[in-house]
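Step one of this worksheet: look at the structure below.
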Amino acid sequence: MSSLSDLINLDLCDFTDKIIAEYIWVGGSGKDVRSKARTISGPISDPSKLPKWNYDGSSTGQAPGQDSEVILYPQAIFRDPFRRGNNILVICDSYTPGGEAIPTNKRHGAAKIFSHPDVVAEEPWYGIEQEYTLLQKDVNWPIGWPIGGFPGPQGPYYCGAGADKTFGRDIVDAHYKACLYAGVNISGINGEVMPGQWEFQVGPSVGISAADELWVARYILERITEMAGVVLSFDPKPIQGDWNGAGAHTNYSTKSMRGEGGYEVIKKAIEKLGVRHKEHIAAYGDGNERRLTGRHETADINTFLWGVANRGASIRVGRDTEKAGKGYFEDRRPASNMDPYTVTSMIAETTILWNP
């Protein structure tokens, strides 16, 4: 008699050419991920070969009940670490039946920017540092913390080891390997300053692929925490008081920045970002004012400043970049719940296309 585990882990490859495609999209809040699965003939590696699909937008906050159909356009394919075999995860964006991008479809606008010839020529690279917090399911309090109480002060937890300093490593490592299996360009993980808080990094990835990869990595993490009975939070300041918030620091470079004389290009790009500081802050995530206070390795939300090796700045330039005279910089302003399509495309637009 087969067990539930046996059936979940059935390898279909030897018995059928059918595969399961899990279509994933961003929900109505702009921060939630939704998905549903369908059977198709496979294997498939090109998203343009996949059929469009639809869903009930009135149930995701993306359409009225009297005209609720929203159409999914497949855009990127990843291997499915849960079903394995030839099964796939499919990143989609959402459109009306008439073919217009719905308001929460930030990928559509980003694709326009990343397909601009000037942006294509600059080959923008991104490395996104996604911080998150793991919470106990029924009390929404960080794992490893006494319910209703607090652990010892920050200090021993960042990149720590040991049962009294590190909480949730099994989830983190499972996510790391699942992303590698899926084909996500995940480049590392580490424990963060606040206990129960972690970070993974995606990149370096070129153009819109960075955001596709971050969204599928978030989805995989949601599924793994679901299996573990733990709540995943991307709140930029999950615990008030003397505790670090959670960001999505975005590292960025262009072909000109990576070439000889690139440091001058970097400084000009940072100058542009400073001029558009308010516009960027408005698009960099909800609740960011609770995080960007000028404390806990942040610059004040109303202040723009940059510096070399300064983690209290809006933009940080690394020592290696300064020394080499070329390289990249880190935008430290995005919140952990930011939309990567918005953030990555806005940085490219401001630094490459925008002329003050």
Side-chain angles (χ1 to χ4, degrees), residues 31-32 127-179 186-202 214 217-251 284-301 309-313 316 330 332-338:
K31 298 186 287 291
D32 58 315
I128 304 173
E129 306 170 27
Q130 176 68 72
E131 295 178 338
Y132 60 93
T133 309
L134 299 174
L135 304 177
Q136 300 171 58
K137 184 177 178 181
D138 296 321
V139 293
N140 278 342
W141 201 239
I143 63 171
W145 291 38
I147 295 176
F150 296 88
Q154 295 183 152
Y157 310 110
Y158 172 71
C159 296
D164 58 340
K165 295 180 282 293
T166 304
F167 314 109
R169 192 186 294 277
D170 53 345
I171 292 171
V172 174
D173 277 351
H175 176 250
Y176 196 174
K177 290 183 177 181
C179 283
I186 185 169
S187 48
I189 57 98
N190 61 267
E192 268 303 331
V193 178
M194 189 183 84
Q197 190 180 84
W198 292 83
E199 173 184 302
F200 67 88
Q201 302 95 32
V202 167
L214 190 70
R218 284 176 173 178
Y219 172 80
I220 291 170
L221 186 54
E222 289 277 15
R223 289 281 304 274
I224 290 172
T225 52
E226 171 191 324
M227 293 161 68
V230 170
V231 174
L232 172 62
S233 172
F234 290 116
D235 190 289
K237 186 71 174 178
I239 305 295
Q240 296 303 306
D242 194 17
W243 304 98
N244 274 37
H249 303 155
T250 303
N251 299 275
Y284 272 17
D286 296 333
N288 217 5
E289 72 282 350
R290 294 182 281 117
R291 168 180 163 262
L292 297 180
T293 62
R295 300 183 63 212
H296 304 112
E297 301 180 77
T298 69
D300 181 82
I301 194 167
N310 182 0
R311 283 181 163 77
R316 180 184 69 87
E330 174 192 44
R332 298 179 60 81
R333 297 171 296 172
S336 50
N337 60 14
M338 62 79 160

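Start at 1 with the first residue, then count along the sequence.
- Using a 4.5 Å cut-off on side-chain heavy atoms (C-beta onward), I239 and W145 make contact.
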side-chain contact (heavy atoms from CB on, under 4.5 Å) evaluation trace for H249 with R333: CA-CA 7 Å; H249 303 155; R333 297 171 296 172; over 6 Å; no

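- Once rounded to the nearest 0.5 Å, the distance linking NZ of K177 with CD1 of I186 reads 12.5 Å.
- E289 is not listed as a side-chain neighbour of P236, based on a closest heavy-atom distance of 4.5 Å or more.
- Under a 3.5 Å cut-off, the side chain of E131 and the backbone N or O of G247 do form a donor-acceptor pair.
- The side chain to side chain donor-acceptor pair (under 3.5 Å) test applied to Q197 returns no partner, not counting sequence neighbours.
- With hydrogens and angles left out, the side-chain atoms of E192 and N244 include no donor and acceptor closer than 3.5 Å.
- D173 meets the salt bridge (charged side-chain N to carboxylate O under 4.0 Å, His left out) test with no other residue; sequence neighbours excluded.
- Residues satisfying the salt bridge (charged side-chain N to carboxylate O under 4.0 Å, His left out) criterion with K165, sequence neighbours excluded, are absent altogether.
- Taking the six-membered ring where tryptophan is involved, the planes of Y132 and F234 are perpendicular, since the angle between them exceeds 60° and thus also 30°.
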Residues N140, V231; criterion side-chain contact (heavy atoms from CB on, under 4.5 Å); working and verdict: CA-CA 7 Å; N140 278 342; V231 174; 4.2 Å; yes

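- Between P151 and P146, the shortest heavy-atom contact is N-CD, 4.2 Å.
- Note that CG of L214 is 5.0 Å distant from CD1 of I128, once rounded to the nearest 0.5 Å.
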R295/D242 under salt bridge (charged side-chain N to carboxylate O under 4.0 Å, His left out): CA gap, chis, key distance, verdict: CA-CA 9 Å; R295 300 183 63 212; D242 194 17; 3.3 Å; yes

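- Between Q154 atom CD and H296 atom NE2 the span is 5.5 Å, to the nearest 0.5 Å.
- Residue pairs meeting the salt bridge (Lys or Arg N to Asp or Glu O under 4.0 Å) criterion with at least one member in residues 220-237, sequence neighbours excluded: D235-R290.
- Closest approach of P238 and M194 over heavy atoms only: CG-CE, 4.0 Å.
- A donor-acceptor pair under 3.5 Å links the side-chain atoms of Y157 to the main chain of G152, judged by distance alone.
- Using a 4.5 Å heavy-atom cutoff, the side chains of T133 and L135 are in contact.
- A distance of 12.0 Å separates SG in C179 from CZ in R218, rounded to the nearest 0.5 Å.
- H175 places a side-chain N or O within donor-acceptor distance of the main-chain N or O of A217, the cut-off being under 3.5 Å.
- In this structure, G188 and Y176 approach most closely via the heavy-atom pair CA-OH, 3.6 Å.
- There is no side-chain donor-acceptor pair under 3.5 Å between D138 and Q136.
- Separation of atoms CD1 (I171) and CH2 (W198) is listed at 10.0 Å; rounding is to 0.5 Å.
- When all heavy atoms of R291 and A246 are compared, the closest pair comes out as CD-O, 3.3 Å.
- A donor-acceptor pair under 3.5 Å is absent between the side-chain atoms of N337 and the main chain of K31, judged by distance alone.
- A donor-acceptor distance shorter than 3.5 angstrom exists from the side chain of N251 to the backbone of G127, with no hydrogens or angles considered.
- Not a single donor-acceptor pair under 3.5 Å links the side chain of T166 to the backbone N or O of D164.
- Summarising the geometry of A178 relative to I220, their closest heavy-atom pair is CB-CG2, 3.8 Å, with the distance given to 0.1 Å.
- Checking side-chain atoms of Q130 against main-chain N and O of S336 turns up a donor-acceptor pair under 3.5 Å.
- Every side-chain contact (heavy atoms from CB on, under 4.5 Å) that F167 has, sequence neighbours left out, goes to I143, P195.
- Summarising the local packing, OH of Y158 is surrounded by 12 or fewer heavy atoms from other residues, nucleotides or ligands at distances under 6.0 Å.
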Full working for side-chain hydrogen bond (donor to acceptor under 3.5 Å, both in side chains) between N190 and Q201: CA-CA 9 Å; N190 61 267; Q201 302 95 32; 2.9 Å; yes

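- Here the straight-line distance linking atom CG of L134 with atom OG of S233 works out to 9.0 Å at 0.5 Å rounding.
- Proximity of the aromatic rings of F150 and W141 is defined here by a centroid distance below 6.0 angstrom, and this criterion is met.
- Residues forming a side-chain contact (heavy atoms from CB on, under 4.5 Å) with R311 (at least two apart in sequence, or on another chain): E297, R316, R332.
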